J.: 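Have a look at the structure that comes next, please.
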Protein chains: 2
Amino acid sequence: MISLDMANDTDLEQLSEQALSNMARLRPVLDKIADKWTIMILTVLCPKPSRFNEIKRRLHGITHKALADALKRLERNGLVTRTVLPTAPIGVEYAITPLGHSLRQPFEALCAWALDHGDAMTEASAAHDHARKAG
Amino acid sequence: MISLDMANDTDLEQLSEQALSNMARLRPVLDKIADKWTIMILTVLCPKPSRFNEIKRRLHGITHKALADALKRLERNGLVTRTVLPTAPIGVEYAITPLGHSLRQPFEALCAWALDHGDAMTEASAAHDHARKAG
DNA sequence: CCGGATCCGGGGCGATACTG
DNA sequence: CAGTATCGCCCCGGATCCGG
């Protein structure tokens with residue numbers, strides 16, 4: 001633990017100032033990547049580049065438009081590349097960039113947590129609803 | 001075309017089945033936690049419990065309603081607790097639960113990435129826009 | 001057939017005002 | 001100070017159409 005407990009309010013102010021400035025820098029980035037599809041798309045793209053409908057198939061549940069928009073955003077942010085294949089019919093291949101690849105570890109940590117604690121969250125929700133129903 | 005791809009697909013089908021089933025389990029969890037405010041709220045609550053307006057002040061930019069909704073969701077999912085303080089005027093303290101605390105590491109990884117690569121993303125966006133403007 | 005753009009309706013989010 | 005209710009807008013999501 002940190003000597004945080006020992007700090008008085010003034011010190012806490014000082015400390016939180018930095019936390020705040022960090023968060024000010026954090027917010028715009030999180031706005032871009034903390035979207036539920038971003039994680040799953042990059043996860044799909046990680047092992048190998050894929051085409052549009054291939055991604056769509058793997059993410060059964062995602063909408064045509066949602067996927068298109070997400071891919072556009074990811075491309076704009078430099079996380080994936082978009083390559084038109086000279087095939088007939090036309091094919092478009094999406095690949096993950098090094099920058100996008102660097103996101104893999106954080107995302108994996110998050111996914112691992114999700115798999116580990118997803119049930120706990122479900123139980124918590126159920127318990128909460130039950131209590132609310134009882135109350 | 002491409003019976004070759006189909007052969008590949010069959011093998012990949014096997015492999016991706018697991019990835020898919022993982023992702024099927026992932027999706028509902030990510031739906032709950034992969035929200036941009038969740039991360040920042042838990043980050044704020046991590047060092048010490050805080051009251052409503054205290055959180056709001058630290059997240060300058062968040063709306064009253066957004067914060068209220070997010071806190072309700074977090075409480076429902078067992079990530080934070082809500083305690084009414086017997087003070088006058090009434091105060092409510094939000095604290096992080098062990099479950100919520102277990103999210104800290106994944107989130108820290110994500111935040112670290114954001115701080116490291118945020119600029120790269122910004123540059124990428126700018127470059128993309130510039131190219132688009134030129135085209 | 002594949003990938004993308006457009007249009008429109010509904011839900012979510014933000015701002016304000018009010019209660020305890 | 002904390003929370004809810006209401007309204008209005010925007011944006012997301014679904015359907016349809018277009019180009020290759």
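Remember, predicted model here, so these are calculated numbers, not experimental data. Every chain is numbered from 1, with letters handed out A, B, ... down the list of sequences.
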J.: How many angstroms lie between atom CD of A:E108 and atom CG of A:L115, to the nearest 0.5 angstrom?
T.: 11.0 Å
J.: Is it true that B:K65 and B:D69 have a side-chain N and a carboxylate O under 4.0 angstrom from each other?
T.: yes
J.: Which heavy atom in B:W113 sits nearest to a heavy atom in A:P106, and how many Å separate them?
T.: CB-CG, 4.0 Å
J.: Identify, residue by residue, the members of residues 65-78 of chain B with a heavy atom below 4.0 Å from DNA chain C, and return them in order of residue number, or none.
T.: B:K65, B:A66
J.: For B:L45 and B:V80, what are the C-alpha separation, side-chain angles and deciding distance, and is it a side-chain contact (heavy atoms from CB on, under 4.5 Å)?
T.: CA-CA 9 Å; B:L45 289 181; B:V80 306; 3.8 Å; yes
J.: Quick one: B:Y94 OH to D:dA2 C1', roughly how many Å, whole number?
T.: 7 Å
J.: Are B:R73 and B:D35 close enough for a salt bridge, meaning some N to O gap below 4.0 Å?
T.: yes
J.: Nucleotide range of DNA chain C contacted by chain B, 5' to 3', under 4.0 Å to a heavy atom?
T.: C:dC13 to C:dA15
J.: Say whether A:L85 and A:L67 are linked into one hydrophobic cluster, either directly or through other cluster members, by side-chain heavy-atom distances under 4.5 angstrom.
T.: no
J.: Is there, by distance only and without an angle test, a donor paired with an acceptor across the side chain of A:H64 and the base of D:dG13 below 3.5 Å?
T.: no
J.: For A:K36 and D:dC12, give me the distance from atom NZ to atom P, rounded to whole Å.
T.: 12 Å
J.: Ring centroid separation for B:F107 and B:H101, is it under 6.0 angstrom?
T.: no
J.: Starting from the C-alpha separation in whole Å, work towards a yes-or-no answer on salt bridge (Lys or Arg N to Asp or Glu O under 4.0 Å) for A:K48 and A:E93.
T.: CA-CA 10 Å; A:K48 70 170 176 57; A:E93 192 177 73; over 6 Å; no
